[in-house]
4 protein chains.
Amino acid sequence: MRSENESDGQKRRSFIEEARRAQIVASAVEVIAEIGFAQASLARIAQHAGISKGVISYHFAGKDELMVEVVERTYGLIAETVGARMQGLSSATELLRAYLLGVAEHMRGHRTQLAALGEIFIHLRGADGRPRYGIKANEEIYRALEGIYALGQESGEFWHFDRRVMAVTQASAVDNMFAYWVAYPEHDLDAHARELADIFERACRS
Amino acid sequence: MRSENESDGQKRRSFIEEARRAQIVASAVEVIAEIGFAQASLARIAQHAGISKGVISYHFAGKDELMVEVVERTYGLIAETVGARMQGLSSATELLRAYLLGVAEHMRGHRTQLAALGEIFIHLRGADGRPRYGIKANEEIYRALEGIYALGQESGEFWHFDRRVMAVTQASAVDNMFAYWVAYPEHDLDAHARELADIFERACRS
Amino acid sequence: MRSENESDGQKRRSFIEEARRAQIVASAVEVIAEIGFAQASLARIAQHAGISKGVISYHFAGKDELMVEVVERTYGLIAETVGARMQGLSSATELLRAYLLGVAEHMRGHRTQLAALGEIFIHLRGADGRPRYGIKANEEIYRALEGIYALGQESGEFWHFDRRVMAVTQASAVDNMFAYWVAYPEHDLDAHARELADIFERACRS
Amino acid sequence: MRSENESDGQKRRSFIEEARRAQIVASAVEVIAEIGFAQASLARIAQHAGISKGVISYHFAGKDELMVEVVERTYGLIAETVGARMQGLSSATELLRAYLLGVAEHMRGHRTQLAALGEIFIHLRGADGRPRYGIKANEEIYRALEGIYALGQESGEFWHFDRRVMAVTQASAVDNMFAYWVAYPEHDLDAHARELADIFERACRS
DNA sequence: GATGAATGAGGCTTCATTCAT
DNA sequence: AATGAATGAAGCCTCATTCAT
């Protein structure tokens, strides 16, 4: 099993292995986005990639590792892109708007990945049977948003709402914006994001 | 199979059959809430109810029909209760607040059902493989909220936001409030609902 | 899964289930004796019994449970038969002879079961990967033999040898007598047992 | 494949190949002793040796050939060592004692190899599905012991017991002494061997 | 000589469903 | 009305072996 080599933190993956992993991840994304997590068996993912079922087992320790890698690759890209857009902004209002518009703009070009990500977040469970990415996995996002709110409340931009409730609300608004867009592809995602920015600006400002 | 009789819309179910269906539905709710939709096999539901696996097959055409019935029974109860609380109110602001507080109060006593409902909404798929209760199943709620928003916008209470976006946002805020509470049982649901009412009042008012 | 009912200690098995379990156990014994534990897949056991593979899964929680049941049924019968033959004897020498001759006589009519039992003892491993019936499973036999030796040493029949070493030696002598007989069916088992009784009488007597 | 050259009986192996084979054999011994024959896949043996899986396939015709080589190397060493210790002795009693003490002393320093050897003896099967080293593989030992017994019976040291039964018994006593020691590492192997020598002296002497 | 990659068979398990009683 | 029994498909995983580089 190739994947055991990772333990020392060094990337020991050959070029070809990296390519295969990427290919398999891409295939998984497409299959999951199309038929849903529960129906996305390794057999189907392999078939869609035009490879043997065993290849996946060779490159990944198991289905879980594959799914986690899908999440990491996809999610990492998002965080990177959006984070860059928020660089240099200082007012809480600007930060929130940049976040909303940025994440929407990035996702506009990655609908399949978005759909797959959502499926995995919802369905993937750990060996203990509990969701691997449940609500609790949002903690990082909640903290980040709460930080921005605290900034705004200190500067007087925002009123003294409960930051946790606001964070949960705003995060869910973003999640559902995407879910709505995945369900209704003709929906104008950018306009939705702008409207959301307006709504939360009003909801937060003092 | 008994269930074939339902097609004509008449209730032909005997008392005993009705009782069995209710018992099975209740068992399904508990099992799903505890171990999740994916792990809730008919065998486990039957075992938890203390009955034979075959009984479920006898009373329900299949697993799907059982799940649909779980949703209908549980969801119907909510709509009924919350609808009653909104009766007689006229201002849009009041209606929204009544809705938020009402649904939270009702759910506070039905956490198991809430958790099961969420699981089924997310997981259940039709014979075509597409989600049976996806975002599109929210259409009814969206319409209802949009109606209230239109009221408020006409009366001048609300500014002229995009009603669909606001509906999607508010519905998601409610859904996630519950999801958060299911994950963190010690979370103060009523306080969250009140805060949410404040937030959306600010977000909507002109 | 039927087998979950056992927990309360009551036998809730229907007649037909009991028959099936017996049939499956018998099939497992025959297959294991013939082709060995490692090759005895559930598929082959089912095929040899003329039933579907799923039937085994229905009646047994898993392969492990089946194997354990094979051991219990077979081993229990031996202990019962041999125990009865030793009843009423008092001198240590007599007890040892009765044990050796008794177990041999019983086994003479159960060679297939003996072979299967040996295979399972050697091969079966628990979930932790360690042998389920290793040497340590002989502890009970060792204790029983040591009891007899202690009797003989107190009465003066036996010299003061190390009881544990003698027990390990005698138990292994019996095990290998059977293994030899399984390998060489024409070998005279009863004569071997009588010779063994003579050998250990000389080895023990003071 | 290199190994095809062996057929003519000549050693055509290069130094490096010989080293590799020894390394692989050593790795196999360690892995088998630790996790058991059934779990000792080629992948694990290769990983433990720090080499690629393919190397094993390159140097050995298959898993079977590797296992056979493990046995031959390990077993050969034992026979050599113990044989040397018995050189020059003449009385049957002395020979048996030297054998028992010698093999125990040698094994005391080779527990890993002993454990691996036991695992292979028990598990390895030929292409026909029958055990490659079953009881029948003990024939050589039986013959050797029988030779000593014949010596003792002729010289009058021993009574006229059945030599085959005694050989099977004594061989099994030695095997199980080791198995017991592998299971209970703190067990005093040498003391066990001395006790065994006493026991069999009493069992054999006229 | 050595390696990484790929394969395909075979194993165990789970499960919704069907059926005879 | 209910049950226990049986089925067969599908899923994931392991592994010895083969092959191109």
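Within every chain, numbering begins at 1; the chains are lettered A, B, ... in the order of the sequence lines, protein sequences first and strands thereafter. Nothing here was measured: the structure is a model prediction, and the numbers come from that model.
Distance CD1 (D:Ile45) to C1' (F:dT17): 14 Å, rounded to an integer number of Å. Here the P atom of nucleotide F:dG4 and the CG atom of B:Leu42 are 15 Å apart, to the nearest Å. For the pair C:Glu65 CD and E:dT13 C1', the interatomic distance rounds to 14 Å; values are reported in whole Å. Between D:Gln39 atom CD and F:dC13 atom P there is a gap of 17 Å when expressed in whole angstrom units. Here the C1' atom of nucleotide F:dA2 and the CD atom of B:Gln23 are 12 Å apart, to the nearest Å. One atom, CZ of C:Phe60, and another, C1' of E:dG11, lie 18 Å apart when rounded to the nearest Å. The interatomic distance linking B:Tyr58 (OH) with F:dT3 (P) rounds to 11 Å, in whole Å. Atom-to-atom, CD of D:Gln47 to C1' of F:dT14 comes out at 14 Å; the value is rounded to the nearest Å.
The residue among A:Ile16 and C:Ala43 whose nearest nucleotide of DNA chain E is located toward the 5' end is A:Ile16. If you find the closest nucleotide of DNA chain E to A:Gly54 and to B:Lys63, the one lying nearer the 5' end belongs to A:Gly54. Of the two residues contacting DNA chain F, namely A:Arg44 and B:Ile51, the nearest-nucleotide position lying further toward the 5' end is that of B:Ile51.
At distances below 3.5 Å, not a single donor-acceptor pair connects side-chain atoms of B:His48 with backbone N or O atoms of B:Arg44. Although no hydrogens or angles enter the test, the distance criterion places no donor-acceptor pair under 3.5 Å between the side chain of B:Glu119 and the main chain of B:Ile32.
Applying the 4.0 Å criterion to OP1 and OP2 of E:dT14, one finds that C:Ser57 has every side-chain N and O outside that range. Between E:dA2 and D:Arg20, a contact under 4.0 Å exists linking OP1 or OP2 to a side-chain N or O. OP1 or OP2 of E:dG4 has not a single side-chain nitrogen or oxygen of A:His59 nearer than 4.0 Å. Taking only side-chain nitrogens and oxygens, B:Ser52 never comes nearer than 4.0 Å to OP1 or OP2 of F:dA2.
Taking the C1' atoms as reference points, F:dT21 lies 13 Å from E:dG1, given to the whole Å.
In this entry F:dC15 has E:dG8 as its Watson-Crick or G-U wobble partner, both defining distances falling under 3.5 Å. Nucleotide F:dA20 has E:dT3 as its partner under the Watson-Crick or G-U criteria, with both atom distances under 3.5 Å.
In summary, C:Lys63 and C:Glu69 do not engage in a salt bridge, as defined by a charged side-chain N under 4.0 Å from a carboxylate O. A salt bridge does not link B:Asp64 with B:Arg125: every distance from a Lys NZ or Arg NE/NH1/NH2 to an Asp or Glu carboxylate oxygen is 4.0 Å or more.
By the 6.0 Å contact criterion, CD on A:Glu34 is open, its count of non-hydrogen atoms from other residues, nucleotides or ligands being 12 or less.
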